[in-house]
Number of protein chains: 2
Amino acid sequence: MRADARRNRLKVIGAAQVVFSEHGPDARMEEVAEKAGVAVGTLYRHFPNKEALLGALIADRLGHVIEVARDVLDRDVEPWEAFSRVMRRLTGIAHEDRAFAHVVPLLGDEGELGEAKRTVGGLLEELVHKAQEAGKMRPDVGAEDLPPLFMGMVLATPPGFSPARQERYVQIILDGLRHRGAHEPG
Amino acid sequence: MRADARRNRLKVIGAAQVVFSEHGPDARMEEVAEKAGVAVGTLYRHFPNKEALLGALIADRLGHVIEVARDVLDRDVEPWEAFSRVMRRLTGIAHEDRAFAHVVPLLGDEGELGEAKRTVGGLLEELVHKAQEAGKMRPDVGAEDLPPLFMGMVLATPPGFSPARQERYVQIILDGLRHRGAHEPG
DNA sequence: CAGTATACTGAATTGGAGTTCATTTTAGTG
DNA sequence: CACTAAAATGAACTCCAATTCAGTATACTG
C-alpha cells in the first residue's frame, strides 16, 4: 500500500469518527471527506460504501468494550462491580458517539461488526451470569436486555447533554437491575 | 367541508397512524396515501406537510397520556401507583407507535404538539413531586428525566418485540426510580 | 529519472422521497 | 339537471445525499 494511501486512510477514519459521533449514522459522506481534507472519491477507495465505513468504526469501539470486559473477568473483579464497570464503559462510549448508540442495539450480524457484537454478547452473558450467581442481580435479565436499556437512554437524550446526567441515568438503570435486597453499595 | 373531504381526512389519519406506528417518522408519504386508498396530493390538501401530519398524530396520542394522568391525579391514587400507571401508559403507546417514541423525547416546542408536550410535562412533574413527597421515589429525578429513560428503551428495541419483555423493562426502570428502602410493592 | 501502477479528484449520475399544481372528478345547490 | 366551488389525482419537479468514474496527480521501482 502506498504511503499516501495509508496516511489518507487514517485521516478518513479519524474524520469519520468525529463526524459520525456528532451526527449519528446519518452524517453525510461529504462532511467526512471535508473534515478529512480529502475528496469523496477517496472515501470510496478505502471503504466500499458508507455502511462499511461506519461498521469499521463501530467495530473498533466495540473493541474497547471487549477489552474492559476481558480485563475485569480476568482479574476476577467482584461480579456486580465488574458488570457495572463494563456497562459504564459501554454507555460512556455511546454518550460520545451517537452512531454507536444507534447501531449497537440493532441485531444485524454480518461481517466484522457481527463478530464483534457476538463477542460482546458472549462477554455480557458471562458478566450477567456471574452477577446473578452472586445474588447481586435480578434473575430475570439476560445479556440481550442490556443494549435496549442502556443504549436507548442515550438515544433518547439530546446530543451533548451533561455527563453528570448521563451518569445519573446509568445509576438508575443499574439500581433497577440489582437484585431486590442486595442494595447498599454501587 | 364536503362529505368526501371529511371522509378522506379520517382515512388519511387512520392510515398515517398505522404506517407511522410501524415505520417511525421516516415512513413514506406514498405509503400513507396508498394505505388510505388516496393519492398523495390528498394528504397535502389536509396537512401542509409531513411534519404537520405526524404532529397531529402525536398530539392525539399525548392526549391519551394526559387523560390518564389527570384521572389518577383527580382520584388521588396512591402516588407511586399513580406515577407508574402513567409511565406504563406512556410506554405502552410508544411500544405500539415507533414514531411516538422517536418524537416525544425531542424538545421542539411549536404549535399544537408543543402545547400537548408542555401539558404532559406539567402533569409528570406533579406526579413525580407527589411520589417523592411520599418518600417513594428517589429525590434526584425530575420529569425531564422520564422520556429519555422510558422512550429510549423502546427506541433501542427491535420493532414488534413481545409486550412481556417490554413490561419487564418498564419494571426495571421503575425499580431504579424507586427510593432505596421503599421497596416491596409494585 | 523515466515509467507505471496506484491513488486522488470532483463533476456527473443515480435514486429516493417530499412537495406542487394543471387537470379532472365530484358533492352540494338552486 | 346543470353549474360551480371544493376536492382529488398523479405525473412532474425539486432537493439532497450516496455513489461512480474519466481524467489527473503521485509514490514507488529499476
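FYI, side chains are in, hydrogens and waters are out, and symmetry mates aren't considered; it's all heavy atoms of this structure. Proteins come first, then strands; the chains are lettered A, B, ... in the order of their sequence lines, and each starts at number 1.
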> Taking NZ from Lys50(B) and P from dT19(C), how many angstroms apart are they, rounded to a whole number?
Replying inline: 8 Å

> Rounded to the nearest Å, what distance is computed from the NZ atom of residue Lys11(B) to the C1' atom of nucleotide dA8(D)?
Replying inline: 11 Å

> Separation of Leu10(A) atom CG from dC8(C) atom P, in whole Å?
Replying inline: 12 Å

> Between Met1(A) (CE) and dA5(C) (C1'), how many Å, whole number?
Replying inline: 14 Å

> Roughly how many Å is it from CD in Glu30(B) to P in dG10(D), rounded to a whole number?
Replying inline: 10 Å

>> What's Ala27(B) touching, base or sugar-phosphate or nothing? Going by heavy atoms closer than 4.0 Å.
In response: sugar-phosphate

>> Please compare Gly37(B) and Arg2(B) by the position of their nearest nucleotide in DNA chain D and report the one closer to 5'.
In response: Arg2(B)

> What's the verdict on salt bridge (Lys or Arg N to Asp or Glu O under 4.0 Å) for Arg89(B) and Glu67(B), showing C-alpha distance, side-chain angles and the deciding distance?
Replying inline: CA-CA 10 Å; Arg89(B) 186 87 175 97; Glu67(B) 208 177 326; over 6 Å; no

>> Rounded to whole Å, how long is the line connecting atom CG of Asp26(A) with atom P of dA18(D)?
In response: 9 Å

> What do the steps show when you test Asp145(B) against Arg168(A) for salt bridge (Lys or Arg N to Asp or Glu O under 4.0 Å), and what is the final call?
Replying inline: CA-CA 10 Å; Asp145(B) 297 325; Arg168(A) 199 151 48 79; 2.9 Å; yes

>> Apply side chain to side chain contact (heavy atoms under 4.5 Å, CB included) to residues Phe150(B) and Leu177(B) and explain how you reach the verdict.
In response: CA-CA 11 Å; Phe150(B) 286 88; Leu177(B) 291 172; 3.7 Å; yes

>> How many whole angstroms separate atom CG of Asp4(B) from atom P of dT4(D)?
In response: 19 Å

>> Mind checking if Arg45(B) touches a base, just sugar-phosphate, or nothing, with heavy atoms under 4.0 Å?
In response: base

>> Regarding Val38(A), tell me which of base, sugar-phosphate or nothing describes its non-hydrogen contacts under 4.0 Å with the strands shown.
In response: sugar-phosphate

> Are Glu81(A) and Arg85(A) close enough, and set up right, to give a salt bridge (Lys or Arg N to Asp or Glu O under 4.0 Å), and what steps lead you there?
Replying inline: CA-CA 6 Å; Glu81(A) 168 65 19; Arg85(A) 208 178 286 178; 2.9 Å; yes

> Of all the choices, dT20(C), dA11(C), dA17(C), which nucleotide is nearest to the side chain of Val40(A) once you look at every atom?
Replying inline: dA11(C)

> When you check the phosphate oxygens OP1 and OP2 of dC8(C), does a side-chain N or O of Asn8(A) lie under 4.0 Å from one of them?
Replying inline: yes

>> Using the rule side-chain contact (heavy atoms from CB on, under 4.5 Å), only one of Leu90(B), Leu57(B), Leu54(B) pairs with Phe100(B); which is it?
In response: Leu90(B)

>> If I take atom NE2 in residue His46(B) and atom P in nucleotide dT9(D), what distance separates them, rounded to the nearest angstrom?
In response: 9 Å

>> Is the phosphate of dT9(C) approached by Thr42(A) (side-chain N or O, under 4.0 Å from OP1 or OP2)?
In response: yes

> What nucleotide, of dT19(C), dT9(C), dC8(C), holds the atom closest to the side chain of Ala39(A)?
Replying inline: dT9(C)

